[in-house]
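Only one structure is covered here, and it is reproduced in the block below.
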Amino acid sequence: MLSLDPSGPEWDCPLGSKDLEEEGPWGGGSGLPPTGCFPGSWRQDVGLDCKGSPEGAEARAWTVYYYSLLQSCLQQAGLPETQDRSQVPRTGCPGAEVTLCVLGSPSTFLPVLLEGGVQSPGNMLLCLSPAWLMKVPAPGQPGEAALLVSKAVSFHPGGLTFLDDFVPPRRATYFLAGLGLGPGRGREAAELARDLTCPTGASAELARLLEDRLLTRQLLAQQGGVAVPATLAFTYKPPGLLRGGDASLGLRLVELSGKEGQETLVKEEVETFLCSEALGDILQVAVKLSGWRWRGRQAWRLHPRAELGAVVDTVLALLEKLEEEESVLVEAVYPPAQLPCSDGPSPGPGLAVRICAVVCRTQGDRPLLSKVVCGVGRGDRPLRHHNSLPRTLEAALAAVLALEAGLSAEQRGGRRAHTDFLGVDFALTAAGGVLTPVALELNGGLCLEACGALEGLWAAPRLGPAADEAVAAPLVETMLRRSARCLMEGKQLLVVGAGGVSKKFVWEAARDYGLQLHLVESDPNHFASQLVQTFIHFDMTEHRRDEENARLLAELVRARGLKLDGCFSYWDDCLVLTALLCQELGLPCSSPAAMRLAKQKSLTQLHLLRHHGPPWPAPSLHAVPCCPLESEADVERAVHQVPLPGVMKLEFGAGAVGVRLVEDAPQCHEHFSRITRDLQGEADHPGIGLGWGNAMLLMEFVEGTEHDVDLVLFGGRLLAAFVSDNGPTRLPGFTETAACMPTGLAPEQEAQMVQAAFRCCLGCGLLDGVFNVELKLTGAGPRLIEINPRMGGFYLRDWILELYGVDLLLAAVMVACGLRPALPTRPRARGHLVGVMCLVSQHLQALSSTASRETLQALHDRGLLRLNLLEEALVPGEYEEPYCSVACAGPSPTEARLRLLGLCQGLGIDGPSYPVAHFLSHFK
C-alpha cells in the first residue's frame, strides 16, 4: 500500500508564470474549476443559490464544484449523500446557540466537519461560497462585525449532512476559513475573517507569518529547538519579526537594500554557504522563493552543491521577483531516509519518508500533538502531500505558538483571531546511521487533510481509529470552548453567596470570560465585594427564612435596575435561596422543590427509595436506608430501623464535618449529643450548613470504594460526566484523604457510576445545572452517599479544567443563562492527577515549615505539584475541613502516585499518623 507516484513533478521545476499559480480559488487562483473530476452519482438539482446574494457564473461554478467535491468525499468515506432541506428554512435560536462555521474546501476540512457533527450535532456548518455569509456591524463594538450564516451544509452524527437555509441567519460563534491573498475566494475568506466579534481559528495576517518558511524556521530553531535545513536567506526589506538568524543554528540572513546590483554580495555569500560546515555532507541545494505569495507554488530549482555559478545565477534571477518582506532561500537538500524493501534490495529508486504532524491549541493556550503521519513515496522525486500515501507514525513534538502573544490585534487580523491548529512538515533523513526529522515548513490545511486521509483509509471497512485518535477532535473541542466564551461575554449574572478562599477562582475566571457579576453576600467586608459590578449586602444566614428572603432580594434587584441574564450559586448554603430567587425573577434554574430534595440528605434517600420506576433501572436501586434525627427519641427509633454499623451526619452539612462511623446504639447517642452541643448554629462553624439547623440522620454504612461524579445537565439531558476516585478515609471519620482522576474503574463500572448519578439527579428533579454526586461502588453496584446540587468543590473544578479542558464554572453560568453548554461529547483526559489532602490537625508542623504555603505555591509555580488552597488560616479544631490539596501529574496513575508519594515524604506530609501510601493504595 505504498505510493510509487509514477508521474510526479520533476525535482527541477520551471519558474514560469504558469508554475507560480496556486491551484484553486481558496489559494488565490482564479478561473473556472475543472470539470468531470468526480466519478459517482448524486443529485444535481439542489438549492445552492442563496437568496439575496446572487453569484456570478464563475462563482456559481466553484460552488457547484465544491458541492460535488463534498459528495465525492462523503461517498469515499462510505457516508450518505447530503440531503437538501433548504426549501424549509431552519429557524433556530439566534444569539443563543453554538455555530461553528467553516468556509473552505470540503476535502481539506472534512475531518473537522465530521468530528464537529459528532461533538456538536447540527452546529458544525460548512459554507461552500462566501455568498452564503454576511458581515454586519456589531452594536457597541466599533470596527468589529458579527458574521451571519444564511446557508450551509450542517453536519450530524453518523456522517449525516443536510443542505440548510437559516431564517433568520445564524450568528457564528466560531469561524475557520481557507485563506489566500490573490484574487478569488481565498481573499474573500480573508476579508470575512477580519475583525469579527466571534473567535476565528485563522486569519490572513497570522497565516502570512506562519507560512513564511524563513520566519517559521527561525522560530522553530530558536524557540522550539527543532532541527531545520541549513539555510542562506537573501531578504528584501524583511519584516520586524524576522530577527537575524543565528549562524550556529544553520540560518544565515542577508538583508538587501535593493534587488539590483547585488552580484558581488550574492556570490560571496553563496560561496561561503556552500563551503560551510553547516551543510555537512549534503550534495545538493535548493533555491526557492519564500513569502506569503509563494506558498504552495513550485518556484524552486535544485543544483549540485559544487555548481556555484548556477546557484548564484538562480538567486539573482529570483531576486527580480521579490517584493517587500520576501526572501530567496538557498537551503540544504537532505537525502531522504531510504526504507528497506521487504524483498531485499530493489533496482528501483527506493522509498522516501515525509512526516506530517498536526498540532492544536488547547485549554490554557497549550499546544497538543493531535496526530502524526508519514508519507511514503519514491526516493528520486520530491515527496509532497498529494503524491504520497499517509501512514501512522508514533512521534513526539513540541510546537511553538508563543509568537502570537507579542502581536497586536491589528497584526493578528482582529481581536479574536488566533491560530488554533498548525501543520508541521518534516523530512526524515539519515546521517551517520541516525534517523533525524528536519522541519521544513508550517502549513494549515495540507497536514490536516493528510491526517484526515489516513483516517479515511479505514472508513470503508469500518476499521477506523478509536474516537480519541481523531485528528480533529482537539481542534473541535477548542472551537466549542471559544464559542462558549463568545456566547457568554458581557452576560449579566447575579451570584448568591461569595464563598471562601477556595472559590477565589470564580472572580478570576469571570474577568477572563468577560462576565459582568453582581453579588449578594452576608459579609459586608468580603473581599469579593470589590471585584463585582454591584454588591448587595444582605443577611442570608438564616436559611429557614429563604422564601421571605427571596422575595426581598427580588425587590432589591428590581430596585437597582439590574438586567440579569442569569442567577446562580456554588455555595451549599445558598442553593435553595437561589432557586427561589430565580423563580421570583423568572430566570432559568432547577426548581426549589428539587433543590430542597437534594439539599436535605435524608429526604434525598427516602424520596429515591420510593422511586421504583419505570424506566428501569430505577433510582431506588442506588438509595441507602436512613432515618432523620432531630431528638434522642429519633435516635432510639433509628437504631432499630437502620442496620448498624451506620454513618451519622448533619442533614444539611458539607465538607464531611461531623460525619462519623457508629458501631452501636451507645455510639449513636453519644455522637448525636456531641454534635447538638458543639454545632448549634452558623457561628459555631460557618459555611457547613448550620444556617439550616443542626438536625442529623443515620444511614446504613455500605462497603466499597468511594467516587465523585460531576455532571452537566441541560433540559434533563446528560451533556458531560467526570468520574474521580477517592482514597480510604481515616475511620471513624470521613474527611477526604486522597483522590485520583480520571477514574481507574473499568469502563463498564465507570458507566454504571455515571448512569447511577444521572438517574439519582433526575429522580430528584434536577434537570438543569452542574451537580456533584458522591457514590460508593459496592459488590451490588453503585450506592448513593449524597447529591450536592452545585459544582464540585475542593479541587474538582481545577482538575477537570486541567485534564479535560472543560470548565464546570463556565458550564454552570451558561446553564444559568438558559444556554446549552458548549461541551465536547467525549472529553478525553490529557494525563492523570493524584492528590492528597493536608489537615491542620495532622500537618501543622509541616505546613508551618517544610510544606509552608509559600513553599507549596513555589512548587506549584514550577509545575512540580498542583496546589488547591481550601482554607486561609492554620487553625486546628475538632471539626475540621482539609486545609489544602496537593497533587502530582503523570502520564499514568502509577507515575503520578509515585511522584506524589515522594513529594509528600520530602515535605513531611507523609507520616505514621497520616500514611499517604495507604491513602493512595486504591489507585494502584
Side-chain angles (χ1 to χ4, degrees), residues 66-67 69-71 73-74 77 79-86 90 92-94 96-129 132-133 147-166 169-178 189 192-193 196 198-202 358 360-361 370 420-421 444-445 448-449 451-452 455-456 459 467 470-487 719-720 819-827:
Y66 280 118
Y67 181 80
L69 176 57
L70 172 62
Q71 301 315 306
C73 291
L74 294 173
L79 299 173
E81 178 183 345
T82 300
Q83 298 180 39
D84 183 2
R85 56 183 190 186
S86 58
R90 311 286 107 183
C93 305
E97 58 192 347
V98 168
T99 300
L100 312 175
C101 179
V102 173
L103 173 65
S105 170
S107 61
T108 298
F109 293 108
L110 189 64
V112 179
L113 298 164
L114 293 175
E115 181 67 20
V118 173
Q119 294 207 34
S120 191
N123 296 324
M124 176 61 79
L125 307 181
L126 170 65
C127 289
L128 300 174
S129 168
W132 294 7
L133 294 155
L147 186 65
L148 304 183
V149 185
S150 298
K151 190 181 195 73
V153 177
S154 61
F155 284 72
H156 299 258
L160 295 177
T161 55
F162 299 92
L163 181 62
D164 288 326
D165 279 7
F166 302 105
R170 289 183 66 157
R171 181 169 178 165
T173 59
Y174 185 95
F175 184 53
L176 181 61
L192 283 170
L196 293 178
C198 73
T200 59
V358 173
C360 296
R361 182 192 298 266
S370 174
D420 283 339
F421 77 99
L448 182 66
E449 188 170 356
C451 292
E455 294 174 359
V471 60
L475 175 57
V476 173
E477 290 175 16
T478 295
M479 296 166 79
L480 290 169
R481 189 180 303 115
R482 295 187 67 192
S483 288
R485 285 173 168 265
C486 178
L487 286 171
L719 302 188
L819 301 177
R820 180 188 175 100
L823 299 175
T825 54
R826 45 173 185 260

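These figures come from a predicted structure and were not determined experimentally. Every heavy atom of this structure was used, including side-chain atoms; hydrogens, water molecules and symmetry mates were not.
- Taking all atoms of both residues into account, the shortest heavy-atom contact from Ser86 to Lys151 is CB-NZ, 3.7 Å.
- Looking at Pro80 and Leu160, their side chains come closer than 4.5 Å, going by heavy atoms from C-beta outward.
- With sequence neighbours left out, Arg90 forms a side chain to side chain donor-acceptor pair (under 3.5 Å) with no residue at all.
- Under the 3.5 Å distance criterion, the side-chain polar atoms of Ser120 are left unmatched by any main-chain donor or acceptor of Gly116.
- Arg171 pairs by the side chain to side chain donor-acceptor pair (under 3.5 Å) definition with nothing, not counting sequence neighbours.
- Note: Leu133 CG to Phe175 CZ = 5.5 Å, rounded to the nearest 0.5 Å.
- Heavy-atom minimum distance, His156 versus Pro121: ND1-C, 4.3 Å.
- In this structure the side chain of Leu475 never reaches within 4.5 angstrom of the side chain of Glu115, judged on heavy atoms.
- At least one side-chain heavy atom of Leu100 sits under 4.5 Å from a side-chain heavy atom of Thr173.
- The CG atom of Leu79 sits 6.0 Å away from the CG atom of Leu114 when rounded to the nearest 0.5 Å.
- The side chain to side chain contact (heavy atoms under 4.5 Å, CB included) search around Cys73 returns Leu69, Ser107, Leu110, not counting sequence neighbours.
- Taking SG from Cys101 and CG from Leu192, the interatomic distance works out to 9.0 Å, rounded to the nearest 0.5 Å.
- Gly122 and Ser154 get closest at one heavy-atom pair: O-CB, 4.2 Å.
- For Leu163 against Trp132, the heavy-atom pair with the smallest separation is CD1-CH2, 3.9 Å.
- Qualifying side chain to side chain donor-acceptor pair (under 3.5 Å) partners for Thr161, counting only residues two or more places apart in sequence or in other chains: Thr82.
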* To do: Check the pair Val118, Met124 against side chain to side chain contact (heavy atoms under 4.5 Å, CB included), reporting the backbone distance first and the verdict last.
  => CA-CA 9 Å; Val118 173; Met124 176 61 79; over 6 Å; no
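- Counted within 6.0 Å of CZ on Arg820, heavy atoms from surrounding residues, nucleotides or ligands total 12 or fewer; the atom is thus considered open.
- The two residues Pro821 and Leu719 come nearest to each other via the heavy atoms CD-CD1, 3.6 Å.
- The CD atom of Glu477 lies 8.5 Å from the CZ atom of Arg826; values are rounded to the nearest 0.5 Å.
- In terms of the side chain to side chain contact (heavy atoms under 4.5 Å, CB included) criterion, residue partners of Glu81 (sequence neighbours excluded) are, by chain and number, Trp42, Arg43, Gln71.
- Side chains of Phe109 and Leu126 form no contact here, defined as non-hydrogen atoms less than 4.5 Å apart.
- Partners of Thr825 under the side chain to side chain donor-acceptor pair (under 3.5 Å) rule, at least two apart in sequence or in another chain, do not exist in this structure.
- If you run side chain to side chain donor-acceptor pair (under 3.5 Å) between Tyr174 and each of Thr99, Asn123, Asp420, only Asp420 comes through.
- Applying the side chain to side chain contact (heavy atoms under 4.5 Å, CB included) test to Pro169 and every residue at least two apart in sequence or in another chain returns Leu148, Ser150.
- By the side chain to side chain contact (heavy atoms under 4.5 Å, CB included) test, Ala822 is found to be paired with Val98, Leu480, Ala484, residues two or more places apart in sequence or in another chain being considered.
- By the salt bridge (Lys or Arg N to Asp or Glu O under 4.0 Å) test, Arg485 pairs with Asp512, sequence neighbours left out.
- Judged as a salt bridge (Lys or Arg N to Asp or Glu O under 4.0 Å), and not counting sequence neighbours, the contacts of Arg170 are Glu97.
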